[in-house]
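So that the names make sense, note that chain A is the first sequence line, chain B the second, and so on, each numbered from 1.
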There are 2 protein chains.
Amino acid sequence: MGRWEPDARGRLERAALELYLERGFEQVTVAEIAGRAGLTERTFFRHFADKREVLFWGQGALRDIFVDTVAAASASTSPIDAVAEALAAAGAIFHERREHARRRQAVIDANAGLQERELIKLASLAASLAGALRRRGVPEPAASLTAEAGIAVFKVAFVRWVSDPGEPDLPELIRESLDELKGALITGVLANAPTTLNG
Amino acid sequence: MGRWEPDARGRLERAALELYLERGFEQVTVAEIAGRAGLTERTFFRHFADKREVLFWGQGALRDIFVDTVAAASASTSPIDAVAEALAAAGAIFHERREHARRRQAVIDANAGLQERELIKLASLAASLAGALRRRGVPEPAASLTAEAGIAVFKVAFVRWVSDPGEPDLPELIRESLDELKGALITGVLANAPTTLNG
DNA sequence: ATAGTGATGTCAGTGACTGACATCGGTCAC
DNA sequence: GTGACCGATGTCAGTCACTGACATCACTAT
């Protein structure tokens with residue numbers, strides 16, 4: 001047996017989510033989280049940069065899936081389709097964690113500061129995605145725009161998936177949402193310049 | 001003459017931007033900002049919810065332009081074109097404030113917390129935009145997706161406009177970026193289902 | 001053994017933010 | 001006019017997120 005109980009970071013993560021669910025993010029002090037995990041406040045801040053980050057640690061895995069899937073897409077795949085593959089692959093890993101995702105999202109939805117943190121994580125994902133597209137030869141600003149559109153699709157699909165228990169799989173919702181976005185943008189193009197489409 | 005110097009809020013805004021530029025956001029205390037404005041720390045927090053908000057107060061006007069322009073678009077205008085009109089209208093109001101926008105953005109770009117605040121303001125704009133589209137009869141999730149795509153276009157265009165002095169007008173950049181996004185999404189559609197387009 | 005090493009604890013401090021109460025010109029009812 | 005009220009500001013004490021410096025001590029390598 002080691003000098004300390006194992007998995008201090010995991011204990012802190014679980015204690016924090018429990019307490020945030022019980023009383024709300026603002027009503028919980030870091031000292032309480034650390035106490036429930038059998039640690040001290042100072043140790044909490046050695047594992048997480050701040051009180052919010054404890055809910056977001058582990059996003060690195062998601063970024064890796066995005067980047068690797070885009071990089072692995074066949075050379076003939078269009079940028080938006082490469083992004084679609086990445087979104088579906090990322091969506092798949094939530095399959096087993098739907099209840100956990102729902103609980104976590106309930107905490108985030110109740111606090112503006114946590115929403116801010118979530119948004120900057122998504123923006124960081126979009127930046128990584130744009131970088132992966134650039135490495136495929138997609139020029140700016142197309143790379144950033146495609147990446148931002150992809151993250152927007154992910155956001156909208158995720159909200160639907162989390163909020164409605166009857167919704168289908170997340171990857172399925174992502175496909176539907178992407179088609180919906182394409183339709184919404186193309187409607188305008190068809191209406192404005194229908195004769196040029198097959199030129 | 002009144003009991004106090006006028007425009008306390010404006011004095012706080014100007015003092016904060018000056019100090020953030022001189023020494024960086026984190027190296028400035030609220031007490032210093034208030035002192036330069038001839039006020040106390042407590043009064044700062046009566047005008048702004050927190051130290052970051054002093055850079056973002058006034059976003060309400062932007063939201064009004066977005067919402068009003070979408071509401072005023074003719075009934076035959078497609079959702080994405082209504083959003084495009086709103087983005088161009090919003091972009092136009094930055095015309096006279098390019099230097100101010102550049103200075104402010106330099107401060108924001110140097111601090112993660114300020115970027116978080118900027119992102120939640122943009123997300124709030126997207127939500128307002130989606131609401132305006134719903135009031136035109138656009139169903140979900142098309143309304144949210146169109147709004148998010150519009151904000152993504154605005155973000156990308158704004159970054160280009162602020163970072164490159166040689167760039168054209170912001171409304172012009174917004175139009176270009178939107179066309180670029182349409183092209184990026186439609187490429188896939190044309191490649192996958194070219195025969196159905198005029199069906 | 002002895003000298004690290006690394007995760008943790010202890011402690012003192014800074015600064016953002018809040019609640020309660022005081023101040024005091026200006027304004028309004030009468 | 002005068003007194004009641006109002007609203008922007010000041011004062012003060014407090015909480016809590018977060019940080020830096022230093023101590024501890026089981027474990028490990030030599």
Show the atom names and distances, to 0.1 Å, of all donor-acceptor pairs under 3.5 Å that link a side chain in residues 173-181 of chain A to residues at least two apart or in another chain.
{"unit_1": "A:Ser177", "atom_1": "OG", "unit_2": "A:Arg160", "atom_2": "NH1", "d": "3.4"}
{"unit_1": "A:Ser177", "atom_1": "OG", "unit_2": "A:Leu173", "atom_2": "O", "d": "2.9"}

Taking distance alone, no hydrogens or angles, what donor-acceptor pairs closer than 3.5 Å link side-chain atoms of residues 82-91 of chain A to residues at least two apart or in another chain?
none

Query raised in the report: Reading nucleotides 16-22 of chain C 5' to 3', which nucleotides get B (base under 4.0 Å from a protein heavy atom), which S (sugar-phosphate only), which -?
Result: SBBBB--

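- The CG atom of B:Leu39 sits 13 Å away from the P atom of D:dA8 (whole-angstrom rounding).
- As a whole-Å value, the separation of A:Glu53 CD from D:dA17 P is 16 Å.
- For the OP1/OP2 pair of C:dG9 and a distance below 4.0 Å, the side-chain nitrogens and oxygens of A:Thr43 include at least one atom meeting the criterion.
- Remark: B:Glu99 engages B:Arg102 in a side-chain hydrogen bond (donor to acceptor under 3.5 Å, both in side chains) (not counting sequence neighbours).
- At a threshold of 4.0 Å, the pair B:Asp169-B:Arg98 does not count as salt-bridged, since none of the basic side-chain nitrogens sits closer than that to a carboxylate oxygen.
- A:Glu32 has its CD atom 11 Å from the C1' atom of D:dC16, to the nearest Å.
- By the side-chain contact (heavy atoms from CB on, under 4.5 Å) test, A:Ser76 pairs with A:Ser74, sequence neighbours left out.
- For the pair A:Leu12 CG and C:dT8 C1', the interatomic distance rounds to 12 Å; values are reported in whole Å.
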Compile the donor-acceptor pairs under 3.5 Å between side chains in residues 53-62 of chain B and protein atoms, sequence neighbours left out, one pair per line.
{"unit_1": "B:Glu53", "atom_1": "OE1", "unit_2": "B:Arg117", "atom_2": "NH1", "d": "2.6"}
{"unit_1": "B:Glu53", "atom_1": "OE2", "unit_2": "B:Lys121", "atom_2": "NZ", "d": "2.7"}

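- Look at CD on A:Gln27: it is 15 Å from C1' on D:dA17, rounded to the nearest Å.
- Not one side-chain nitrogen or oxygen of A:His47 sits closer than 4.0 Å to the OP1 or OP2 atom of C:dA7.
- Going from atom CH2 of B:Trp4 over to atom C1' of C:dG26 covers 9 Å, rounded to whole Å.
- A:Glu5 places its CD atom 15 Å from the P atom of D:dA26, with the value rounded to the nearest Å.
- Phosphate contact (OP1/OP2 of D:dT9, side-chain N/O of B:Thr40, threshold under 4.0 Å): absent.
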